[in-house]
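No experiment lies behind these values; they were computed from the predicted model shown.
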Amino acid sequence: QLQASGGGLVQPGGSLRLSCAASGFNFDNYAIGWFRQAPGKGREGVSGINSSGRRTFYSNSVKGRFKVSRENAKDTVYLQMDSLKPEDTAVYFCARFLGSNPITGTWAAPSQYDSWGQGTQVTVSS
C-alpha cells in the first residue's frame, strides 16, 4: 500500500514537499515513481527513484526544479518541488515499479507500475 500526502495550494514560485509512505511490502526492493494527472489529461511520469536511491529520473518539464529522495528506514519517498508553476497543478500519485532498478526510459511508463497510492492535489495559483 502507498499513501501520498503533502499537497496543497501554493503561489507560483513556491515550494511543496510530497511524501509517499509505503506499507505491506519490502520497500527496499522496489523503485518508486511519481506521476501527475491534470484535468482532462493523461497520467504523466514526473520522477522516479531506484530502490537504493542512487539513481533518479526526471521528466524534462520538472528537471532542475523537483528533487526525489527516499528514506528506506522509514519506507518513505519524498518529492521536493521548488519554483512551482501553474502548469504543475495536478493530482500527484506515487506508485511501485515492477522491480528495483528501471531501465532508462521505462520509469515513466504507467504500465511498469503495479501498485498505486491515492493522489494528493497540488494547486499552483496566485
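Each of Val62 and Phe57 belongs to its own hydrophobic cluster when Ile, Leu, Val, Met, Phe, Trp and Tyr are linked at side-chain heavy-atom distances under 4.5 angstrom. Tyr113 and Tyr92 fall into different hydrophobic clusters, where Ile, Leu, Val, Met, Phe, Trp and Tyr side chains are chained together by heavy-atom contacts under 4.5 Å. Both Leu18 and Tyr30 are members of a single hydrophobic cluster when ILVMFWY side chains are connected at heavy-atom separations under 4.5 Å. Cluster annotation: Val46 is connected to Leu2 through the hydrophobic network of ILVMFWY side chains, with a link wherever side-chain heavy atoms come within less than 4.5 Å.
In this structure the side chain of Asp75 never reaches within 4.5 angstrom of the side chain of Ser23, judged on heavy atoms. Side-chain contact check for Met81 versus Asp88: every heavy-atom pair is 4.5 Å or farther apart. The side-chain heavy atoms of Lys67 and Tyr58, taken from C-beta on, include a pair separated by under 4.5 Å. Counting only heavy atoms from C-beta outward, the side chains of Ser47 and Leu79 approach each other to under 4.5 Å. Contact check for Pro12 versus Val124: side-chain heavy atoms found under the 4.5 Å cut-off.
Judged purely by atom type and a 3.5 angstrom limit, Gln118 uses its side chain to pair as donor or acceptor with the backbone of Ala4. Asn50 contributes a side-chain N or O that, together with a main-chain N or O of Arg55, makes up a donor-acceptor pair within less than 3.5 Å. Asn72 places no side-chain N or O within donor-acceptor distance of the main-chain N or O of Ser52, the cut-off being under 3.5 Å.
By the 6.0 Å and 45° rule, Arg43 stacks over the aromatic ring of Trp116. Cation-pi geometry between Arg17 and Tyr78 is met: the NZ or CZ atom falls under 6.0 Å from the ring centre, inside 45° of the normal.
We find the CG-CD distance between Leu84 and Gln11 to be 11.5 Å, quoted to the nearest 0.5 Å. Atom SG in Cys20 sits 6.5 Å away from atom CZ in Phe27 (nearest 0.5 Å). With rounding to the nearest 0.5 Å, the separation of CD1 in Ile49 from CD1 in Ile32 is 9.5 Å. Atom OG1 of Thr123 sits about 6.0 Å away from atom CG of Leu9, to the nearest 0.5 Å. Rounding to the nearest 0.5 Å gives a distance of 14.0 Å between OG1 of Thr120 and CZ of Arg36. The CZ atom of Phe25 lies 6.5 Å from the OG atom of Ser115; values are rounded to the nearest 0.5 Å.
Among all heavy-atom pairs drawn from Leu98 and Ser111, the shortest one is CD1-O, 3.9 Å.
Taking the six-membered ring for Trp, Trp34 and Phe66 have ring centres at least 6.0 Å apart.
Side-chain polar atoms of Asp82 and Ser15 form a donor-acceptor pair below 3.5 angstrom. With 3.5 Å as the limit, one finds a donor-acceptor pair spanning the side chains of Ser61 and Glu44.
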